[in-house]
> 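I have a structure here, written as structure tokens, and I will follow up with some questions on it.
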2 protein chains.
Amino acid sequence: MKQLPTPDAARSPLHTQLDDLAFCDDSDFKTLDGLLERRQEFEAGQWVVLEDDELDRTWVVLSGWAIRFKTFEDGRRQILEILLPGDIIGLYAVMLRRADFGVETLTRMTLAAFPAAALIDVSTRAPRLALALGWLAGQGERRLDEQVTRVGRRSATERMAHLFVELYLRQRRIGVERSECGQFPLTQVILADILGMSHVHANRTFRSLNRDSLATFRDGRIILQDIVRLATRCQFDPSYLEQPAVPEDVQATLGSPA
Amino acid sequence: MKQLPTPDAARSPLHTQLDDLAFCDDSDFKTLDGLLERRQEFEAGQWVVLEDDELDRTWVVLSGWAIRFKTFEDGRRQILEILLPGDIIGLYAVMLRRADFGVETLTRMTLAAFPAAALIDVSTRAPRLALALGWLAGQGERRLDEQVTRVGRRSATERMAHLFVELYLRQRRIGVERSECGQFPLTQVILADILGMSHVHANRTFRSLNRDSLATFRDGRIILQDIVRLATRCQFDPSYLEQPAVPEDVQATLGSPA
DNA sequence: CGCAGATTTGAGATCTGTCAAGGGATGTGG
DNA sequence: CCACATCCCTTGACAGATCTCAAATCTGCG
């Protein structure tokens with residue numbers, strides 16, 4: 001059975017994601033909350049993870065936006081993904097104890113540290129929760145697959161429209177207010193580095209969407225005006241974002257939530 | 001302590017990868033072999049996983065080459081990664097019970113089926129092994145990060161050189177004969193779909209490397225002629241392929257191999 | 001031989017990057 | 001309040017990269 005949202009609003013995005021699985025129960029959430037002891041605030045533009053850092057903890061995003069990226073010596077930068085509330089940063093990287101990427105905040109942000117040791121405990125102490133975290137990691141991998149195809153096989157306009165629709169749907173899922181959906185704190189330089197193009201071309205591409213009344217810019221934020229036409233423009237297929245149900249055999253093996 | 005290679009040659013690539021961790025012992029390998037019951041042969045050009053298939057098992061590559069990819073309705077295709085012996089296909093996808101990608105063999109291939117149920121068992125029955133598999137998955141994710149960067153932020157020549165060096169190093173790791181290293185069963189159409197370019201441009205790019213005596217083509221295979229200069233050409237940084245040591249606290253928690 | 005698939009090349013159109021410059025908003029110090 | 005710096009958005013011009021279309025060549029195979 002689905003759980004009601006936790007009173008603690010700051011933690012709800014992760015719970016919302018896990019709730020969608022209809023799989024964890026209150027005791028799992030208690031275990032999770034126990035593991036997420038250290039909470040930490042960041043300002044916009046701060047580094048959370050340095051490239052090539054040794055990594056002894058992973059982070060859970062409670063609020064705010066961040067980017068995960070790689071840079072070259074010559075200054076080129078590729079953003080691998082946008083991190084939103086409910087996302088987990090570097091679940092595997094922490095197992096390897098090394099970050100091959102940097103993480104930087106785009107807005108004020110609340111994060112919860114997830115010590116490496118806890119990750120190993122969790123599989124024995126709360127196998128259902130461990131599976132749920134693996135589930136989230138799987139979601140992240142599916143998004144990364146889509147990022148490869150977006151950058152590799154779509155035109156500039158398609159790339160941008162596709163990213164916008166993805167972000168919109170991810171906001172919807174984590175329970176962002178309807179009126180706040182489709183508003184992104186992204187600069188055009190950041191868009192360029194996500195989509196693998198120069199910032200000049202990112203501007204031209206955005207202006208083109210803007211001329212077609214698909215997106216606009218106000219108060220430092222990108223605002224989507226017509227999701228449906230954006231999705232049409234890039235033949236958006238939302239299946240890679242969908243949350244599949246938990247198979248029955250898995251439920252049988254691990255036991256249903258209370 | 002490192003284990004000696006298993007007598008069963010066909011299974012050795014996976015063991016080799018796991019051996020590098022110096023982490024699993026004989027009983028772990030026995031457990032692994034027990035899980036990999038169904039072995040299956042494929043011809044070149046066969047489908048292993050259909051796009052949008054329901055997925056009730058994952059596969060371990062024992063020998064041969066394959067690609068994991070996505071296609072569009074209009075025929076565009078993006079190859080997400082090259083699969084080599086020792087790689088695991090869709091470890092997370094199987095948890096989600098759905099493949100958002102296809103897998104197709106490039107050569108004759110031996111695969112071992114890894115039933116979904118076994119994945120859930122393994123974390124309780126052989127936690128060290130479960131961790132080792134997570135490790136491998138982490139390696140795969142790091143490669144995917146690099147694929148995003150390669151496609152998004154490198155020139156055509158850099159992309160191709162970078163892919164070649166990666167494949168060479170991966171062959172080295174899994175114990176391919178020195179004389180066989182740097183020989184790839186890849187067509188230029190496949191190269192194009194990995195690197196996010198047209199096959200015409202893939203040809204021109206390859207010809208350019210060929211003119212510089214960096215790579216050549218013989219008997220249907222690409223053959224690298226000068227790894228060092230290829231690596232220089234794309235400022236190759238091998239750190240994303242390196243196998244970090246198992247942290248001491250992890251060893252302490254799970255116990256050392258016998 | 002004839003076919004299918006793969007490589008190769010040329011020509012022209014299109015896309016994208018680089019360089020350069022200007023404008024607007026914001027913040028700081030005088 | 002102004003001067004100034006900074007950051008971001010915007011645009012034009014041009015060079016270079018890449019795509020598409022088309023066709024020729026080559027190779028393995030039945």
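Only heavy atoms go into these numbers, but all of them, side chains included; no hydrogens, no water, no symmetry mates.
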> Could you please spell out the steps behind the side-chain hydrogen bond (donor to acceptor under 3.5 Å, both in side chains) verdict for B:Thr110 and B:Glu41?
CA-CA 5 Å; B:Thr110 310; B:Glu41 297 284 334; 3.2 Å; yes
> Among residues at least two apart in sequence or on other chains, which ones pass salt bridge (Lys or Arg N to Asp or Glu O under 4.0 Å) with B:Asp219?
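In terms of salt bridge (Lys or Arg N to Asp or Glu O under 4.0 Å), with neighbours along the sequence ignored, B:Asp219 is linked to no residue.
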> Mind checking the CD-CG spacing from A:Glu141 to B:Leu96? Nearest 0.5 Å is all I need.
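Going from the CD atom of A:Glu141 to the CG atom of B:Leu96 covers 9.0 Å.
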> Taking heavy atoms of chain A and a 4.0 Å limit, find me the 5'-most and 3'-most nucleotide of DNA chain D within that range.
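So the contact region on DNA chain D extends D:dC9 to D:dA13.
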> So, using side chain to side chain contact (heavy atoms under 4.5 Å, CB included) as the criterion, who are the partners of A:Gln183 when residues are at least two apart?
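Side chain to side chain contact (heavy atoms under 4.5 Å, CB included) check on A:Gln183 returns A:Glu180, A:Arg221, A:Ile223.
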> Using a 3.5 Å distance criterion without hydrogens, assess whether the side chain of A:Gln78 forms a donor-acceptor pair with backbone atoms of A:Asp193.
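Looks like yes, one N/O pair under 3.5 Å.
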> Taking only residues two or more places apart in sequence, or in another chain, which ones meet A:Asp56 in a side chain to side chain contact (heavy atoms under 4.5 Å, CB included)?
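In terms of side chain to side chain contact (heavy atoms under 4.5 Å, CB included), with neighbours along the sequence ignored, A:Asp56 is linked to no residue.
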> Just the atom pairs and distances: protein N or O near nucleotides 23-27 of chain C's N or O, under 3.5 Å.
none

> Scan residues 150-166 of chain B against DNA chain C and write down, sorted by residue number, each residue with any heavy atom closer than 4.0 Å; if none is found, say none.
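Under 4.0 Å from DNA chain C: no residue of residues 150-166 of chain B.
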> Output all residues satisfying salt bridge (Lys or Arg N to Asp or Glu O under 4.0 Å) with B:Glu177, sequence neighbours left out; order by chain, then residue number.
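Once residues adjacent in sequence are excluded, B:Glu177 has no partner under the salt bridge (Lys or Arg N to Asp or Glu O under 4.0 Å) criterion.
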> For A:Val103, what residues pass the side chain to side chain contact (heavy atoms under 4.5 Å, CB included) criterion, not counting sequence neighbours?
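For A:Val103 the side chain to side chain contact (heavy atoms under 4.5 Å, CB included) partners, ignoring immediate neighbours, are A:Val48, A:Val49, A:Ala66, A:Arg68, A:Leu83, A:Ile89, A:Phe101.
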> Please verify the inter-ring angle class for A:Phe184 with A:Phe164; under 30° counts as parallel, over 60° as perpendicular, anything in between as tilted.
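Because their plane-to-plane angle lies in the 30° to 60° range, the rings of A:Phe184 and A:Phe164 count as tilted.
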> Kindly indicate whether a cation-pi arrangement holds for A:Arg77 with A:Phe69, taking the cut-offs as under 6.0 Å to the six-membered ring centre and within 45° of the axis.
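Because its charged atom sits under 6.0 Å from the ring centre and within 45° of the axis, A:Arg77 does stack over A:Phe69.
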> Hey, which of A:Thr216, A:Thr157, A:Leu224 is the one that makes side chain to side chain contact (heavy atoms under 4.5 Å, CB included) with A:Leu209?
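Result: among A:Thr216, A:Thr157, A:Leu224, A:Thr157 is the only option passing the side chain to side chain contact (heavy atoms under 4.5 Å, CB included) with A:Leu209.
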> Below 4.0 angstrom, which residues in residues 211-221 of chain A have at least one non-hydrogen atom near DNA chain C?
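None, since no heavy atom is under 4.0 Å.
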> Kindly say whether the aromatic ring centers of B:Tyr168 and B:Phe236 come within a distance under 6.0 Å.
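Centroid distance B:Tyr168-B:Phe236: not below 6.0 Å, so no.
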> Using five base pairs at each end to define the local axes, how bent is the helix from C:dC1-D:dG30 to C:dG30-D:dC1, to the nearest 10°?
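Axis angle across the helix from C:dC1-D:dG30 to C:dG30-D:dC1, nearest 10°: 30°.
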> Could you pull out all residues at least two apart from B:Thr187 that satisfy side chain to side chain contact (heavy atoms under 4.5 Å, CB included)?
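With sequence neighbours excluded, B:Thr187 shows a side chain to side chain contact (heavy atoms under 4.5 Å, CB included) to B:Val189, B:Ile190, given in chain and number order.
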> Near DNA chain D, counting only heavy atoms under 4.0 Å, which residues of residues 191-208 of chain A show up?
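Of all residues in residues 191-208 of chain A, the ones placing a heavy atom under 4.0 Å from DNA chain D are A:Val200, A:Asn203, A:Arg204, A:Arg207.
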> Does the side chain of A:Gln139 pick up a donor-acceptor pair with the side chain of A:Tyr240 at under 3.5 Å?
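There is no such pair between these side chains.
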